[in-house]
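Written out below as C-alpha cells is the structure these notes cover.
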Amino acid sequence: MGKQNELGVTPMSEDVSAWYNELVFKAELADRGPAKGTMVIRPYGYRIWELLQAQLDQRFKDTGHENAYFPLFIPQSYLQREAEHVEGFAPELAVVTHGGGKELEEPLVVRPTSETVIGEMYHRWISSYRDLPVLINAWNNVVRWELRPRIFLRTTEFLWQEGHTAHADEAEAMEETLRMFDVYAEFAENVAAIPMVKGEKTPGERFAGAKRTFTIEGLMRDGKALQSGTSHYLGTNFAEAFDITYQDRENQLRHVHTTSWGMSTRMIGAVILAHGDDQGLVLPPRLAPVQVAIVPIGRGEQAEAVRDKADELREKLTAQGIRVQVDDRDTSPGFRFNDLELKGVPLRVELGPRDLEAGQVLVAQRVGEVDERGRAVKETIGVDAFVAGVQERLDAYHDLLVARARAYRDEHSATADDLATFTEQVKVGFSYALHCGQPGCEDEIKAATAATPRCIPSDGAPEEGPCVRCGEPSTYGTRVAFARAY
RNA sequence: CGGGAUGUAGCGCAGCUUGGUUAGCGCGCCUCGUUCGGGACGAGGAGGUCGCCGGUUCGAAUCCGGCCAUCCCGACCA
C-alpha cells in the first residue's frame with residue numbers, strides 16, 4: 001500500500017491506483033476472492049449493483065425487452081463456429097475438461113459471453129417473419145481469464161447483462177443497436193452521473209464477431225478512459241454460423257440480423273473513478289445505497305431525545321422514498337462524519353441537542369462548498385423544510401455531479417494535429433485527432449504513447465486531413481477520440 | 001509469458017545485515033468505565049505453524065537451496 005493519510009487511504013491526488021485499491025476495501029464495496037482474479041462483492045457494493053440493475057432493467061423493459069436465462073456451460077465446438085469470435089475469445093477462456101469424475105467427451109467452455117448458445121436457441125425458435133423481432137436480455141455472470149485483474153474494472157468473473165436481439169433486416173437491427181447505445185449513454189448520465197463520449201469503435205477495437213461496435217467512454221479522474229457499455233450490430237455473422245433463418249412474406253428464406261449489447265459491474269468502477277476524491281467515494285444519489293445519513297449526536301440524558309427525533313426524521317424521509325440510515329454507531333461524531341464521507345453518502349444530516357429545541361438540523365453535502373480546512377460547509381435548516389425539499393436537493397446534487405464530471409472531461413479533452421501535442425494530451429485525457437484508419441498505425445500509436453482509439457465520436461464535426469502520426473489521408477470523416485484506457 | 005519487488009497477527013510495518021530469553025510496534029478487534037457538533041481517553045485482554053519444503057547449526061523469522069503466492073511495469077480485455 002502507498003502512503004496512507006489519517007483515513008487509512010492513499011490520497012487520490014497522490015496515487016490513483018493505490019487510492020482505488022484501498023478504497024474498494026475500506027469502503028466495504030468488495031474484497032478479493034480466494035482464486036486469483038475473483039472478487040467478492042460485499043453488501044454495500046452489491047446494493048449499488050442492485051440499484052443499477054433495477055434502473056437499467058426498467059429501461060430494457062420500456063424498450064420492449066424480456067429477461068431470460070441461458071446456461072453457463074457452452075460446448076467448446078459452439079465457440080468455434082464463428083471464426084472471429086473464437087479467435088477473439090480463445091486466450092481468455094476457462095475450459096471444463098472433467099465432470100462427474102470423468103474426462104468429458106467434449107470440453108465445456110465457461111461462457112465468456114452468450115452469442116453462441118443464444119445463436120443455437122434462436123436457430124430453434126425462429127422460423128417465420130412472424131417470430132421476429134426477438135428481444136431478449138440476460139442478467140448473468142461471465143468468465144474471461146484475466147492476467148492483470150483489478151476489482152470491478154477487470155476480474156476473471158464479473159456480473160453483467162447481455163441483450164441479444166434478432167431482426168428481419170439490417171435497418172431494423174441497426175435501429176436496435178443504436179437504441180440500446182442511446183439507452184446506455186442516457187443511463188450513464190442520468191443515473192451514474194457520468195457524461196460519456198459516445199461513438200463507434202474502429203475496426204481494430206471492435207467486438208470479436210461484430211460488424212459494428214458502439215461504445216460509451218467515460219473519463220476517469222486519472223485521465224484514463226473507461227469503456228462502460230457497448231452495443232454491437234452483428235450482421236448475419238452469427239445467423240450464418242448458427243443457421244438462424246426465417247421465411248419472409250414472399251416465402252424467401254433469409255438470415256436474421258442480430259445485435260448484442262452489455263453493461264457490467266465495471267460500471268461500479270467507473271462510478272468510483274469518475275467521481276471519487278481524496279476523502280473517498282462520491283456516490284451519485286440514484287445509485288447510493290444510503291442517500292441521507294442521519295447522525296445523532298449527544299450522550300447521556302439527551303441521547304434518547306435525539307435518537308427519537310432521528311427516528312422520526314428517518315420515517316418522514318422514508319415515506320418519501322428516500323434511502324435513509326440513522327448512523328448511531330458508538331463512535332465519536334467526527335469518526336462517523338469521515339466514515340460516511342469515505343462511503344460517499346450524498347447528504348449527511350447532523351442532529352444534536354442544540355438542534356432539538358430549535359427544530360432544525362445541519363445538512364452537509366458530500367460534494368459542495370467547503371471551508372478553509374476543506375470541510376463541508378453545513379447548512380442549518382428547519383426539519384420540515386429539509387424534509388419537503390430533500391428530493392429536490394438530491395436531484396440538484398445529481399446535476400452538480402454531472403456538471404462537475406462534464407467540466408472535468410472537457411478540461412481534459414483537446415484536439416491534436418501533431419504527434420508531440422497528441423502525446424502530451426493523452427497523458428491527461430482525450431486527444432481528438434485525425435487518423436488514417438490503418439491497424440498498423442493504431443499499433444504504432446499505442447506503442448509510442450500508450451493510447452488507443454476509444455471511438456469515432458457520433459457527434460464529431462466533419463473533418464478531413466492528414467493522419468496525426470503517418471500523414472496519410474484520414475478515413476473516418478471526423479476526428480477520433482484517443483486516450484489511455486483501462 | 002518477459003522485467004522488478006514483496007511474503008512476520010485482520011490491515012500497515014519493524015526485527016534479518018552480525019543466528020541465541022517468552023517475536024515486537026501502530027491501527028483495528030474484545031471487556032469495563034468515562035466520553036460524543038470533524039477520526040476521544042484510561043485500564044485490562046484476545047489474536048502468530050514468521051508463505052511452503054528441505055538444508056546448515058547445539059540453536060533459524062534471521063544463513064543456504066528449491067518451490068509457491070501476491071503486487072507493480074509490459075503484450076490481451078467489459
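Quantities reported herein were computed from a predicted structural model and do not represent experimental measurements. Lettering follows sequence order; numbering is per chain, from 1. Hydrogens, waters and symmetry mates are skipped; everything else that's a heavy atom, side chains included, is used.
As rounded to the nearest Å, B:rC64 and B:rG7 have P atoms that lie 15 Å from one another. As rounded to the nearest Å, B:rC52 and B:rU70 have P atoms that lie 16 Å from one another. B:rA78 and B:rU17: their P atoms are spaced 50 Å apart (whole Å). Nucleotides B:rC13 and B:rC71 have their P atoms positioned 15 Å apart, rounded to a whole Å. Of the P atoms belonging to B:rC16 and B:rG51, the separation is 15 Å, rounded to the nearest Å. Spacing of P atoms, B:rA46 relative to B:rG19, comes out at 33 Å, to the nearest Å. The P atoms of B:rC53 and B:rU62 are separated by 13 Å, rounded to the nearest whole Å. Taking atom C1' on both B:rC63 and B:rC25, the two are 26 Å apart, rounded to the nearest angstrom.
Rounded to a whole Å, the NZ atom of A:Lys309 is 18 Å from the C1' atom of B:rG37. For A:Glu28 and B:rC11, the CD to C1' distance is 13 Å, given to the nearest whole Å. Distance CZ (A:Arg348) to C1' (B:rG38): 8 Å, rounded to an integer number of Å. Between the CG atom of A:Asn338 and the C1' atom of B:rG28 there is a distance of 16 Å, given to the nearest Å. Counting to the nearest Å, the C1' atom of B:rG38 and the CZ atom of A:Phe337 are 6 Å from each other. Note: CG (A:Leu342) to C1' (B:rG38) measures 14 Å, nearest angstrom. For A:Glu341 and B:rG38, the CD to C1' distance is 8 Å, given to the nearest whole Å. Distance CD (A:Glu357) to P (B:rG37): 18 Å, rounded to an integer number of Å.
Judged by Watson-Crick or G-U wobble contacts below 3.5 Å, the nucleotide B:rA78 has no partner. Across all strands shown, B:rG2 forms a Watson-Crick or G-U wobble pair with B:rC73, both key distances being under 3.5 Å. With a cut-off of 3.5 Å on both pairing distances, the Watson-Crick or G-U wobble partner of B:rC29 is B:rG45. Nucleotide B:rU21 forms a pair with no other nucleotide shown, judged by Watson-Crick or G-U wobble geometry with both contacts under 3.5 Å. Under the Watson-Crick or G-U wobble criterion, with both distances below 3.5 Å, B:rA14 is left unpaired in every strand shown. Under the Watson-Crick or G-U wobble criterion, with both distances below 3.5 Å, B:rG59 has no partner in any strand shown. As the counterpart of B:rC67, B:rG51 is assigned, both hydrogen-bonding distances of the Watson-Crick or G-U wobble pattern falling under 3.5 Å. The partner of B:rU34 is B:rA40, by the rule that a Watson-Crick or G-U pair needs both atom distances under 3.5 Å.
Applying the 3.5 Å distance criterion, the base of B:rG37 shares no donor-acceptor pair with the side chain of A:Arg336.
Counting any heavy atom pair closer than 4.0 Å across all strands shown, A:Arg373 reaches no nucleic acid atom. Heavy atoms of A:Leu362 sit under 4.0 angstrom from at least one base atom.
A:Asn137 is linked by a side-chain contact (heavy atoms from CB on, under 4.5 Å) to A:Asp57, A:Phe60, A:Asn67, A:Trp139, A:Gln161, A:Trp261, counting only residues two or more places apart in sequence or in another chain. Here A:Ala274 pairs with A:Ile194, A:Met220 under the side-chain contact (heavy atoms from CB on, under 4.5 Å) rule; sequence neighbours left out.
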Base contacts versus sugar-phosphate-only contacts with protein, heavy atoms under 4.0 Å: please encode nucleotides 72-78 of chain B as B, S and - from 5' to 3'. SSSBSBB
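Side chains of A:Thr165 and A:Thr259: a donor on one and an acceptor on the other come within 3.5 Å. A:Thr213 and A:His232 are linked by a side-chain donor-acceptor pair at a separation below 3.5 angstrom, with hydrogens and angles left out of the test.
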Side-chain donor-acceptor pairs under 3.5 Å in residues 356-371 of chain A, sequence neighbours left out?
| unit_1 | atom_1 | unit_2 | atom_2 | d |
| --- | --- | --- | --- | --- |
| A:Gln365 | NE2 | A:Val367 | O | 2.9 |
| A:Arg366 | NE | A:Leu281 | O | 3.1 |
| A:Arg366 | NE | A:Glu341 | O | 2.8 |
| A:Arg366 | NH1 | A:Asp277 | OD2 | 3.1 |
| A:Arg366 | NH2 | A:Asp277 | OD1 | 2.7 |
| A:Arg366 | NH2 | A:Gly280 | O | 3.4 |
| A:Arg366 | NH2 | A:Leu281 | O | 3.0 |
| A:Arg366 | NH2 | A:Glu341 | O | 3.4 |
| A:Asp371 | OD1 | A:Arg373 | N | 2.8 |
| A:Asp371 | OD1 | A:Gly374 | N | 3.1 |
| A:Asp371 | OD1 | A:Arg375 | N | 2.9 |

Enumerate donor-acceptor pairs with a distance under 3.5 Å from any side-chain N or O in residues 440-449 of chain A to protein atoms, sequence neighbours excluded.
| unit_1 | atom_1 | unit_2 | atom_2 | d |
| --- | --- | --- | --- | --- |
| A:Glu442 | OE2 | A:Thr202 | OG1 | 2.9 |
| A:Thr449 | OG1 | A:Ile445 | O | 2.7 |
| A:Thr449 | OG1 | A:Ala451 | N | 3.1 |

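If you find the closest nucleotide of RNA chain B to A:Pro296 and to A:Asp339, the one lying nearer the 5' end belongs to A:Pro296.
At least one cation-pi condition fails for A:Arg154 and A:Tyr486: the charged atom is not both under 6.0 angstrom from the six-membered ring centre and inside a 45 degree cone around its axis. Because its NZ or CZ atom is not both nearer than 6.0 Å to the ring centre of A:Tyr44 and within 45° of the ring axis, A:Arg47 does not count as a cation-pi partner of that residue.
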For nucleotides 29-34 of chain B, which of its nitrogen or oxygen atoms have a protein nitrogen or oxygen under 3.5 Å away, and what is each distance?
none

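Classification of the A:Phe181-A:Phe214 ring pair by plane angle, with boundaries at 30° and 60°, yields tilted. A parallel orientation is assigned to the rings of A:Phe238 and A:Phe242, their planes being inclined by less than 30° (bins at 30° and 60°).
A donor-acceptor contact shorter than 3.5 Å links the side chain of A:Glu82 to the backbone of A:Glu84.
A 4.5 Å side-chain heavy-atom check between A:Val110 and A:Leu72 finds at least one atom pair inside the cut-off.
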